[in-house]
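One structure is given here, and the rest of the page talks about it.
Values below: every heavy atom of this structure, side chains too, minus hydrogens, waters and symmetry copies. In what follows, every chain begins at residue 1, and chains take the letters A, B, ... in the order their sequences are listed.
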Amino acid sequence: MKKIYIRAAEQISLQQPLSEAWMTDPVSVEGPYAPAADPDFRTWLTPAESRRLGKILKRALVTALSIVRKTGVEHPDAICVGTGLGCMVNTEHLLETLCRDGESMFSPTHFMQSTHNTVASLLAIHTKSHGHNLTCSHKDLSFDLALFDAWMQFRLGRIRTALVGGYDELTPSYYTLLRRIGYLGAEGEVPGSETTVTMLLTDDSKDALCELAGLRILYRPTPEELRQGLEHLLGEAGITCGELSAVITGVNGSRTNDAFYEAFTSQLLPGVPTLRYRHLFGTGYTASAFAPYVAAHCLERGFIPEALPYGSVPLREGAPRTLLLVNQRDGKQYSLQLLRALCGN
Amino acid sequence: MKEPIWITGAGIVSAIGLDKRETLDSLLHGRTGIGPMRHLQSEHRELPVGEVRLSDEELRARLGIAPGMPTIRTALLGMLALEEALEEARLTADELLRTAFVSGTTVGGMDQSERYYPDFLANDTRNAYIALHDCGASTELIADRFGRFGFVATPSTACSSALNAIILGADLIRSGAFDRVVAGGSECLTKFHLNGFNALMILDREACRPFDATRVGLNLGEGAAYVVLERASTARSRGVVASATLDGCGNACDAFHQTASSPGGEGALRAMREALEDAGLAPEQVDYVNAHGTGTPNNDASESAALKRLFGDRVPPVSSTKSFTGHTTSASGAIETVICLLALRHQFLPVNLNWREAMPEGIRPVVESRPQREIRHVLCNSFGFGGNDSSLLLSKREEA
Amino acid sequence: MEELVLELKNAIIEALNLEEVKPEDIDPDAPLFGDGLGLDSIDALELIVLMEKRYGIKLQDPAAGREIFRSLRTMADYIAAHRTK
């Protein structure tokens, strides 16, 4: 079975855009809601190219263009995207129009961009990629399912490169709605924010950041099924719990949701150091995309930034070799990923 | 040799019926479901639609959902279709644990969001519907009614969502992740979609005329459909039979424009070709094509071009059953897959209603349901905005 | 009429998000689509919405737009003749 690698990974978030400065010099963000920090789009896109694009589209495109520029992979074989709410700004605009002006004043541009697959389509148009193209929109699993889809395409021998991304934008009014339903805004929670993560997967280890050694998605698992899922994931990759350098969780300060992570790490991975990332990148439906982004860069640089560890288990000596990533929401949807450093790193 | 994927169950709800039996009857008798708006509360009464004949209240009553329980129409339609599919496949709650559920949608809970949006912003009275707005929520609502599936996913690729759900389902089986997947999609009519398509000026004020020279646009429809996909060996060991197999899948991207299809139908051609190659079949072995055929000037011209590029001057019988159901958008790929299954099982060609005049350079769709030869292999096309073009190759199962 | 032409220039720049274009850059007699301003079919739909919103003109047939939107001047003429607000 051919191995799969993460070759490049870029982000636009609360941190410095298109940069790994967060590893040594993280921006700390307070407050319940904070939008992402954008790069100067004009250095990437002409006014004609960007005039109809909302922010989420510009962000996705710029991260993808940056990866194309860095890796020289101009036409990825597959494009797999995850988004929880799609181009929310367009949808919101139309809902407001509908409620305020009635039914006759819909903007075609806003409608066209309100469908969830707009991002994947735009990436395909710009990279002239006619291959496999799929968008998944399933709550906190949206990105994880996109990654899983790409993984299957590699496994089935259909592709050699895939652009995989997680994208969501969050408006102040939608933040209010997500707060109303308790999805965001618990006391002590990290900021609700926007996500742009794009990565390139390849079947070639050359210049890769790390190996994507396995992944698994579970729905409403019992504790026993979760344990078995983890066991299979590690077993297939040929490693034991004791060999894990750390586990990266999606803890975000929400007491009810964090309790599931706590149960997972304490019961299934006692003695494994715990790392977090959402305090740096914010939280939202596709924030889980930051986990492999963070892990890939840690494995490539061979160190764990100071801002990541939490909990009582001290980090092990030496460069991290294998990282387990866990993403879940309310104990209902679970996603596990295993990332491994390249040999000789 | 790949192990075949059997289709051991199917369920369908649309404007032409609440199950397979009613759907078959409408198809055989040329009875369209497109007509005046009855349930959707839109100002655009002049636009014909393909509504499922039951109101939300009637759907709730039929499904035994309490009146006060918050729900969305996309989920209600999905539940009805999923129930039929699971029944035919004789799947028990226990077996669902080792079954994946993949359901495509785009509108999700938009029917309630567009009704209550001012409340969403102003107060806490409609919070239950905020929580049901996103696509994943409708999938889980449908899934959880029947027990506990081991995996759920919601593909959302506009009008090809449900077909891509079936492809994702096939990939789950072929990659070894699951032996059994229930896949399809659900989508209800909303003012949001109606006005969106209206703004794009692609809605016909009369009954749509796919592939006709005088076509001006589509009629929106709604519905849901699911198929139970199963590794042949697993199905055999459960003692269930299948009348059809899913032999080929093609997912391609037109990569041309955010809404328009390319004049040569590049994405469509690639999707069909890929589905055929995947099935190991040649174009001349295809006995029927259920076209995407929305009735818009752009789609039908582009799809005709793609069909001619693939089949040359020997285009097999082609029809768009959207002339019966309307364009059921994100559900259409699954609804039309089930229509193909009915065509394979009952050996008839679903006709293309309202076709009179050949379009220049266009294909001539089927108007006579009696097939000239045995229907063994059919292609089912489903294309979405953004050039998300997909195609399935379905076959009549040969008794072995 | 010149007033309406200028008003339209500004409205089009705003509606179509033509950040880099100034009103004086638009030649009222140059084609709006293709070579001139370089607008496309989606812009045509936006212009139809604009005519309805600002001038109360309802266009049912997208093909009719082709003549009306030949240039800014033809559009202004059409609006002047058909506006209801």
Between [options], which residue shows the highest count of heavy-atom pairs closer than 4.5 Å to chain B?
options                                    : answer
His116(A), Glu225(A), Arg155(A), Lys139(A) : Lys139(A)
Leu141(A), Thr135(A), Leu178(A), Ile79(A)  : Thr135(A)
His138(A), Lys128(A), Met152(A)            : His138(A)
Ala146(A), Ser173(A), Ser129(A)            : Ser129(A)
Thr97(A), Ile217(A), Thr109(A)             : Ile217(A)
Asp149(A), Thr115(A), Leu145(A), Thr176(A) : Leu145(A)

To the nearest 0.5 Å, how far apart are [atom1] in [X] and [atom2] in [Y]?
X         : Y         : atom1 : atom2 : value
Thr256(A) : Arg329(A) : OG1   : CZ    : 6.5 Å
Leu336(A) : Leu215(A) : CG    : CG    : 9.0 Å
Ile72(B)  : Ser113(B) : CD1   : OG    : 8.5 Å

Query raised in the report: Would Leu122(A) and His126(A) count as a side chain to side chain contact (heavy atoms under 4.5 Å, CB included) if you check the C-alpha gap in whole Å, the side-chain angles of each, and the deciding distance to 0.1 Å?
Result: CA-CA 6 Å; Leu122(A) 184 75; His126(A) 275 261; 3.9 Å; yes
Part of [X] within contact of chain A (heavy atom distance under 4.5 Å):
X         : value
Ala137(B) : both
Glu140(B) : both
His193(B) : both
Arg174(B) : both
Phe256(B) : backbone
Asp144(B) : both
Ile167(B) : neither

Decide whether [X] and [Y] meet the rule of one side-chain donor and one side-chain acceptor closer than 3.5 Å.
X         : Y         : result
Thr198(A) : Tyr167(A) : yes
Thr294(B) : His327(B) : no
Ser261(B) : Asp254(B) : no
Thr139(B) : Thr154(B) : yes
His292(B) : Asp389(B) : no
Gln337(A) : Asp144(A) : yes

What part of [X] gets within 4.5 angstrom of chain B, counting heavy atoms only: side chain, backbone, both, or neither?
X         : answer
Tyr334(A) : neither
Thr222(A) : both
Leu156(A) : side chain
Phe111(A) : side chain

Aromatic ring proximity [X]/[Y], centre distance under 6.0 Å:
X         : Y         : result
Tyr117(B) : Phe192(B) : no
His130(A) : His75(A)  : no
Tyr285(A) : Tyr183(A) : yes

When only pairs under 4.5 Å are counted, which of [options] shares the most heavy-atom pairs with chain A?
options                                    : answer
Ile130(B), Asn127(B), Val152(B), Leu200(B) : Val152(B)
Gly176(B), Ala153(B), Pro118(B), Ala255(B) : Ala255(B)
Ser160(B), Ala252(B), Ala165(B), Ala128(B) : Ala252(B)
Ser156(B), Ala199(B), Cys135(B)            : Ser156(B)
Asn164(B), Leu172(B), Asn198(B), Leu194(B) : Leu172(B)
Ser175(B), Cys253(B), Gly136(B)            : Cys253(B)

**Report entry** Audit row: Asp140(A), Lys332(A), salt bridge (Lys or Arg N to Asp or Glu O under 4.0 Å) steps and yes/no
**Finding:** CA-CA 10 Å; Asp140(A) 295 75; Lys332(A) 201 174 182 193; over 6 Å; no
Query - Those residues of residues 48-55 of chain A, ordered by number, that approach chain B below 4.5 Å (heavy atom to heavy atom) - result: Leu53(A)
Report task. Anything in residues 81-96 of chain A with a heavy-atom distance to chain B below 4.5 Å? Please list those residues in order. Result -> Gly84(A), Leu85(A), Thr91(A), Glu92(A), Leu94(A), Leu95(A), Glu96(A)
Query - Note: Glu43(B)-Lys191(B) ion pair, threshold 4.0 Å (strictly below) - result: no
Requested in this report: Flag the pair Arg160(A) and Asp203(A) as a salt bridge only when some basic side-chain nitrogen lies within less than 4.0 angstrom of an acidic carboxylate oxygen.
Outcome: yes
Query - Side-chain donor or acceptor of Glu187(B) paired with backbone N/O of Leu189(B) under 3.5 Å - result: no
**Report entry** Flag side-chain contact, heavy atom, 4.5 Å: Phe197(B) against Thr329(B)
**Finding:** yes
Query raised in the report: Quick one: are Phe385(B) and Ser121(A) in side-chain contact, heavy atoms under 4.5 Å?
Result: no
Query - Sorted by number, residues from residues 100-111 of chain B in contact with chain A (heavy atoms, under 4.5 Å) - result: Thr106(B), Met110(B)
Requested in this report: Give the C-alpha distance, both sets of side-chain angles, the deciding distance and a yes or no for side chain to side chain contact (heavy atoms under 4.5 Å, CB included) between Asp247(B) and Asp278(B).
Outcome: CA-CA 7 Å; Asp247(B) 291 349; Asp278(B) 192 21; over 6 Å; no
Report task. Could you list all the salt bridge (charged side-chain N to carboxylate O under 4.0 Å, His left out) pairs where at least one residue sits in residues 154-171 of chain B, not counting sequence neighbours? Result -> Arg158(A)-Asp171(B)
